[in-house]
Amino acid sequence: MSLIQVINPNTSLAMTETMGTAARAVAAPGTEILAVCPTHGVESIEGHFDEAIAAIGVLEQVKRGKEQGVSGHIIACFGDPGLLAARELASGPVIGIAEAAMHTATLVATRFSIVTTLPRTLVIARHLLQQYGFTHHCAALHAIDLPVLALEDGSGVAQEKVRQRCMQAKREDGSGAIVLGCGGMATLAQDLTKELGMPVIDGVSAAVKMVESLVALGFGTSKHGDLDYPREKPLSGAFQHLN
Ligand SMILES: NC(=O)NC1=NC(=O)NC1=O
């Protein structure tokens, strides 16, 4: 049995549940999913400031997951906040949903589109495309121009806007796959894939299978080089609990 920690970096309990549902839908029989979120921080992540705040919560949850003996960790926000810091802290693999979805898209299509939430988060996706080496694989980026928590308001408006933008991307972008650019979109991928007749990829599900694969291969985060554990030094004040 392996235990995979799905960390929603924002503090929305509803969105945490959404991600847990998506993760459990694809988890192998021997995999248990532990969906968590920080006890304090920001309710949704919609820019650089939110990402910085959320990264501390990610590190707190990675530390807790280690203490609970999880096999690996998933950072379930499309900005992959705190990814490299989390990898220093972790023993097991740490996968961000943006990198998971982007890698998966490049395995099934030569070019992919991204559909995300607010226009101001597009630059974060662009930075990740550059960081991960996928800029030339991404045909276009779209934003539904709704806040992240609109995905949890129960109206279905955000979900329909995601559907419309995915259909537009299929018509206009010349891409073979679509990446859903928000952890809160995780449960939309299967139905959209069926309706559009092309891969619509959710990073939470993709990351679960990647963590399972790495664990099965016996690979944790490399501790040779820059992702070795942080150098021992006392953390003070509000960060003491991270020692
Ligand atoms: N681009 C995004 O919508 N990023 C996100 N903000 C969140 O709070 N969760 C996400 O996945």
Side-chain angles (χ1 to χ4, degrees), residues 3-20 22-23 33-103 116-117 121 124-125 127-128 131-132 148-149 151-152 181-186 202-208 210-211 214-215 220-223 226-231 233 235 237-243:
L3 182 60
I4 297 179
Q5 183 191 42
V6 177
I7 302 169
N8 173 16
N10 73 42
T11 58
S12 158
L13 295 176
M15 194 164 282
T16 306
E17 272 315 299
T18 298
M19 295 165 181
I33 299 295
L34 179 62
V36 298
C37 67
T39 51
H40 50 251
V42 61
E43 67 173 4
S44 64
I45 299 155
E46 298 170 320
H48 309 294
F49 176 86
D50 295 345
E51 296 248 332
I53 300 283
I56 296 297
V58 167
L59 296 178
E60 289 166 348
Q61 293 304 318
V62 167
K63 184 171 186 293
R64 281 186 60 189
K66 277 179 75 175
E67 290 157 2
Q68 292 167 291
V70 302
S71 314
H73 314 262
I74 292 169
I75 299 177
C77 167
F78 201 70
D80 295 350
L83 179 62
L84 292 180
R87 284 182 174 158
E88 283 192 19
L89 211 48
S91 308
V94 184
I95 305 286
I97 65 169
E99 68 174 350
M102 292 172 182
H103 276 280
T116 190
T117 52
T121 70
I124 294 171
H127 286 173
L128 292 179
Q131 188 177 328
Y132 301 146
V148 167
L149 292 183
L151 289 158
E152 293 295 341
C182 178
M185 298 176 184
D202 146 53
V204 175
S205 316
V208 168
M210 286 180 178
V211 170
L214 290 169
V215 169
T221 295
S222 171
K223 294 303 161 187
D226 65 296
L227 294 181
D228 194 0
Y229 298 112
R231 292 184 66 244
K233 63 192 81 169
L235 298 176
F239 299 107
Q240 273 180 332
H241 63 295
L242 279 169
N243 274 318

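Side chain of Lys223 to backbone of Leu227: a donor-acceptor contact under 3.5 angstrom is found. Within the 3.5 Å criterion, the main-chain N or O of Leu3 finds a donor-acceptor partner in the side chain of Ser71.
Sorted by first and then second residue, the salt bridge (charged side-chain N to carboxylate O under 4.0 Å, His left out) pairs with a member in residues 69-80 form an empty list; sequence neighbours excluded. For residues 46-65, the pairs satisfying salt bridge (charged side-chain N to carboxylate O under 4.0 Å, His left out) are Lys63-Glu67, with sequence neighbours left out. Annotation: ring-ring contact (aromatic ring centres under 6.0 Å, His included) contacts involving residues 57-103, sequence neighbours excluded, comprise His103-Phe134. Residue pairs meeting the salt bridge (charged side-chain N to carboxylate O under 4.0 Å, His left out) criterion with at least one member in residues 9-18, sequence neighbours excluded, do not occur.
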Asp202 and Met185: CA distance, side-chain angles, deciding distance, side chain to side chain contact (heavy atoms under 4.5 Å, CB included) verdict: CA-CA 7 Å; Asp202 146 53; Met185 298 176 184; over 6 Å; no
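Residues passing the side-chain contact (heavy atoms from CB on, under 4.5 Å) test with Asn243 are Leu235, Gln240, sequence neighbours excluded. For the side-chain hydrogen bond (donor to acceptor under 3.5 Å, both in side chains) test, residues two or more places apart in sequence or in another chain that qualify with Thr16 are Asn8. Residues passing the side-chain contact (heavy atoms from CB on, under 4.5 Å) test with Leu13 are Cys37, sequence neighbours excluded. Taking the side-chain contact (heavy atoms from CB on, under 4.5 Å) definition, one finds that Ala52 meets it with nothing, sequence neighbours left out. Here Thr121 pairs with Thr116, Thr117, Leu118 under the side-chain contact (heavy atoms from CB on, under 4.5 Å) rule; sequence neighbours left out.
The closest side-chain heavy-atom distance from Val208 to Ile74 is below 4.5 Å. Residues Asn10 and Glu43 fail the side-chain proximity criterion, which asks for heavy atoms closer than 4.5 Å.
From Gln5, atom CD reaches atom CD1 of Ile75 across 9.5 Å, with rounding to the nearest 0.5 Å. Annotation: the span from Cys182 atom SG to Met15 atom CE amounts to 5.0 Å, rounded to 0.5 Å. For the atom pair NE2 of His40 and CD1 of Ile56, the computed distance is 8.5 Å after rounding to the nearest 0.5 Å. Distance check, rounded to the nearest 0.5 Å: CG of Leu151 to OG1 of Thr18 gives 8.5 Å. Atom SG in Cys77 sits 11.5 Å away from atom CG in Leu83 (nearest 0.5 Å).
Nearest approach of Ala35 to Gly20, heavy atoms of both residues: CB-CA, 3.9 Å. Of all heavy-atom pairs between Ser44 and Val148, the closest is CB-CB, 3.9 Å. For Gly72 against Val211, the heavy-atom pair with the smallest separation is CA-CG1, 3.9 Å. Scanning all heavy atoms of the two residues, the minimum distance from Gly41 to Ile53 falls at CA-CG2, 4.0 Å. Closest heavy-atom contact between Gly79 and Ile124: CA-CG2, 3.9 Å. The heavy-atom pair separating Val204 from Ala186 by the smallest distance is CG2-CB, 4.0 Å.
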For residues 87-102, tabulate all N or O donor-acceptor pairs below 3.5 Å that involve a side-chain atom, not counting sequence neighbours.
residue: Arg87; atom: NE; partner: Val94; partner atom: O; Å: 2.9
residue: Arg87; atom: NH2; partner: Val94; partner atom: O; Å: 2.7
residue: Arg87; atom: NH2; partner: Glu99; partner atom: OE1; Å: 3.4
residue: Arg87; atom: NH2; partner: Glu99; partner atom: OE2; Å: 2.5
residue: Ser91; atom: OG; partner: Tyr229; partner atom: OH; Å: 2.8
residue: Glu99; atom: OE2; partner: Gly96; partner atom: N; Å: 3.0

